[in-house]
Structures are given as structure tokens and as C-alpha cells.
Amino acid sequence: MEVRVSPTRMQLLRLKKRLGMAERGHKLLKDKRDELMKKFLDLIKKEQALRGHVEAGLAKVLPAFLQARAAMSREALEEAFMAPKVSCGVDVSTATIMNVKVPEFTWRGEEARDVHPYGFCGTSASLDDAVAGLAELLPKLAELAEVEKSIELLADEIEKTRRRVNALEYVLIPNLRSTARYITMKLDEMERGNLTRLMKVKDIVRAKQA
Amino acid sequence: MLGLESKYAYATGRVRVLETRLLDRGRIDRMIDAPDLEGALKVLAEAGYARAQLSEKAHPVIDDITAGEEERLAALIRETTPEPQLVDFITARWDFHNLKVMLKAKLHRVPPEKAWARHGTCDVATIKRAIEGETKDLPRHLAEALSAAKAAHDLHAMPETIDIAVDREMYRYLLARAKSLGIQYLVDLVQMEVDLFNLSVYFRSRRMGRDRGFAAEAMVPGGKVSPMRLVASYEQPPEAVVASVAGTGYEALARQAAAALAEGRPLAELERLSEAVMWDRIRKARYVPLGPEPLVGYIFAKLHELKLVRLILVAKLSGMSRESIRERLRDVHV
């Protein structure tokens, strides 16, 4: 769709300025999109490796936990986990990737070697395996959450940037170009009209003098 | 005055009938082959278990079924035996459990409600008051366990020290109770339980990477295999423990568990083997014509059956394959 403007030289100058800026913006946004894609693909690779590791770990831990649950009563299981033995947590901060704020989870946990907060009577050996496995997996789970959230935020940003690039490339820049062409043609037309009129006036004046 | 055999004549008669209602291999197979949890519950209902209504949360239903059966078993003992103290072998475990719960709640400032068991004989208020310092209403064995657990926790303020101290007192109490009843078969069963517990501590501590001192502390005296004999081989290769239990009947179990430990396989196998060893001893009571053995054997057989029932129902609930359930129950006779 053309931009509706009065075909004046002032407008043409303004349009040319806008066109130049749109082209510069388009180039910058394209560069940003390409860089975001690069970072996105790097994160995807990291996520795939992490998820593979975490899922393989969970595939061992969950059946062990299920076996423990089958061997223990609800009360015994609740009692076993009443008081935690080690404390752990996640420090949350933010980092910036191409102006996108992504979370950074820093794992705070004690050594995962001594994590069983219960005695041996009424508890199952499967529970030991499940708890040790989960303790080992927890830092990886935090890392996976960080990477997956970053991927989600980057994907949103890539989508936004892609829309902007497309809007500039396929809508705004062609419209500005076509409007500029229209004004140029209109101005040329006016120029030719003026010239013809002047020549006609000159002819009339010459005829009267003769 | 009646002899020990004659005192248990009525109980033996009742138990002989009830033994026929224990889940047999056929029923266990039908439960395993049932398409879902509901099917397995139907088989249980046919065997005289309470008919359960499945709700959205099936885990509490399973817990209710096993708890209900334990209550029925306790009621049977009270009705039939001249020694109601035999009930202790079911309820005392819950009393000690509740003591651990309340002590952990107090020392680690956590709510006790979810872990509290309603099957014990000592009420929550009494235990709570005892933990606050007023121990006069608390039964002596629980008071001793409480002071041992407090002392252990003062030395090493970790939650498992409470469990370890209370478990030690519980086995001490059960052994003393078995001896005071004068039933050698019961003493043997409790001693076997202690031995299997100590073997479990040995292998699980090693898998956890705990040191020898911790394992020695967690083991319980009173069994046929001394904890000192077991911990002597603690820092040697796992198979060294087989020599420590030579001549006790636990060699095969120790050999297989040591292989599992050395190869990094799950130690759940140890529990399966322990149950099998225990079951072999329990079933011997069936060949005693008269006396306390049939009743004691029935109590332990029923508790063993409840473990199997829980295992199958939870496996059914979580969609575990029939082959996996059968593998878990391999060698665990019924």
C-alpha cells in the first residue's frame, strides 16, 4: 500500500530520509536475528545434551523411587523425609544475550555424597538409590531449567525480530520506495507541465510581438 | 497349670483355619495378571480383604487396606492368645515410628501430621508431653528410646541419628519381649530379623559411601551374627563379608548382595533375598502341631503377605509390567 502524501519535494526528502533509516534498521535487525539464531542453536545443542543426561538419570531414579514406595508405607516414607539433611538452593540472577534478559541459576548445594536423612529400618535400599540419584541430578535440573528458559526467551525475541525484519523488508521499505517513485514521477510531471506552459506563453508573447 | 503348648491350643485352631486364607501362589498370580489396580483389588476382596472403593488418590486406599489388615491381625491376637503382649510385634513398631516422628518434628521444627501413624498404641499427646520432658505416662521402653535418641542427636545433630537410636532400642525391646514370652521360635525370628537388618546396614552403608564407624553405630546387637564380625570386613572387598557370615545360613544372600554391590547393581535384590530367607523360617511353623509357633508364624506370614500386597498394588497403580512384578517377587514364596 502506498503512503498517502502530498507530492512535494519536502515530502520526497522526508521519505528518502525514512527509507534510508528503514534500510539501516533492516540491516541491523537482520544481523541481530542471525546472531540470535546462532546463540539459539548453541543453546539448543546444550539443552539436548543436558536433557539427555537428565532423562537418562530420571529413568533410573523414578523406577527406584517407585520400588521404594511399593516397599514402604506412606507414613514410613513421610517420616524418612521429614527433616532434610543437606540444604540446597538456587541463586537467581539475569544475564543479557543480544539485549534479551535471560535467567542465570547458580546452584548452591552441599556435597551430594551424604544426603540420606533417614535410618535403615523401614526404609528400602531402592530409596537410597533414588535419593542419591536425585541429589546428583538436581544441579543438572537447575542448569536445564536455565537453558530451557533462555531458549524460550530467545525464541520469543527471534520471532519478534523476524516479524520486524519482514515488516521492513516486505512492507515498509517497498511502500516507501513506491511512494518516493510516485512523488518523483508527480514532480517530473509537474515540471514537464510547467515547461510546456512556459513554452506556450512564450509562443503567445512572440506571436503578439510579431 | 497348662503347658505352653496347651495354652495356645485355641489360637492354633483359629490359625489353622486362617492359614488357608492367606494368599496362595494362584491368587498372587491372578493379582499380577489383573489388567489394572481395580482387578487386583477384586482378587484381594475374594481373599477376605476389605472391599476398597477406588478414588482419585489410590495410594491412601492401598495404605488403608494394609493398615486395616494389621488392625484385624492385632485384634485376632488379642482374641486368641493367652499372651496379648504378642500384639507388640505389630503395634510396637508403630509406637517407635511415632516417637521418631514427634522427636524429629520437635528437634528439626517440621510438622509431624503427614508422617504420624494412627496404628500405634501410645497416643500422640503422651509422646508429645514426654518429648517436652514429662515422661511419667510414657511406657518405659519408649522412654528409654527417647532418651537414647536425644543423647545421640545431641552428639550428632542429624535426622538419621534419631532413627538409628530408636531402631536400636526397638529391636532391643522386641528381643527382650520375645525372650520374656519364652517362645524360642519367636526369639529366632526376631534374631533373624536383626541379622538381616544388620546385613542390610552393611551393604547399604557401603553403597552410600559411609564409613565403618557409622555402619557399626547403625547395626543392632542381639542377632546371631555379631555386628563386630560384619564390620571387620567393612573396608575389604564386598565378598569378604561372606566369610563373616559363614555357617549362619546367610552365605548365599551375602554372596549375591556382595556381587550386586561390587557390580553397582541395585541393592533391592538384597531385600528380595532377605524376604525369601525370612519366609523359609516362617513357614516352618506350619509343621508344628500345637504351641505358640503356629500363631507366631501366622503373624509374621501375614505381615509378609501385606508387604507383597502393597508391592503388587503399587506396581499395578503405576503400570509396572507383569514381568517386572514377577521379577521383584522371584524367590519370595507364598
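Residue Lys30(A) places its NZ atom among 12 or fewer non-hydrogen atoms of other residues, nucleotides or ligands, all under 6.0 Å distant. Few gaps surround CG on Asp154(B); more than 12 heavy atoms of other groups in view lie less than 6.0 Å from it.
Proximity to chain A is absent for every atom of Leu270(B), based on heavy atoms less than 4.5 angstrom apart. No part of Ala165(B) comes within reach of chain A, as not one of its non-hydrogen atoms sits under 4.5 angstrom from that chain. With a 4.5 angstrom heavy-atom cutoff, Tyr171(B) touches chain A only via side-chain atoms. Of the two parts of Ser324(B), neither the backbone nor the side chain holds a non-hydrogen atom closer than 4.5 Å to a non-hydrogen atom of chain A. Contact annotation for Ala268(B): both backbone and side-chain heavy atoms come within less than 4.5 Å of a heavy atom of chain A.
Nearest heavy atoms, Leu313(B) versus Ile65(B): CD1-CD1, 4.3 Å.
Side-chain atoms of Trp94(B) and Glu75(A) include no donor-acceptor pair closer than 3.5 Å. The closest side-chain donor-acceptor pair between Tyr118(A) and Asp128(A) falls under 3.5 angstrom. Using modelled atom types, one finds a donor on one side chain and an acceptor on the other under 3.5 Å when comparing Arg197(A) with Asn194(A).
Among His108(B), Arg310(B), Met320(B), the residue making the largest number of heavy-atom pairs under 4.5 Å with chain A is Arg310(B). The most heavy-atom pairs under 4.5 Å with chain B, out of Ala80(A), Ala64(A), Gly119(A), Ala70(A), come from Ala70(A). In terms of heavy-atom pairs under 4.5 angstrom with chain A, the leader among His97(B), Met158(B), Lys100(B) is His97(B). Per-residue counts of heavy-atom pairs under 4.5 Å with chain A were compared for Val110(B), Asp163(B), Leu267(B); the largest is that of Asp163(B). Chain A forms the most heavy-atom pairs under 4.5 Å with one residue out of Arg207(B), Lys307(B), Arg204(B), Arg93(B), and that residue is Arg204(B). When each of Val101(B), Ile164(B), Asn98(B) is scored by its heavy-atom pairs under 4.5 Å with chain A, the top score falls to Val101(B).
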Item checked: From CA spacing to verdict: side-chain hydrogen bond (donor to acceptor under 3.5 Å, both in side chains), Ser124(A), Glu271(B) -> CA-CA 8 Å; Ser124(A) 164; Glu271(B) 281 157 24; 3.0 Å; yes
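Salt-bridge formation is detected for the pair Glu169(B)/Arg172(B): a Lys NZ or Arg NE/NH1/NH2 atom is positioned less than 4.0 Å from an Asp or Glu carboxylate oxygen.
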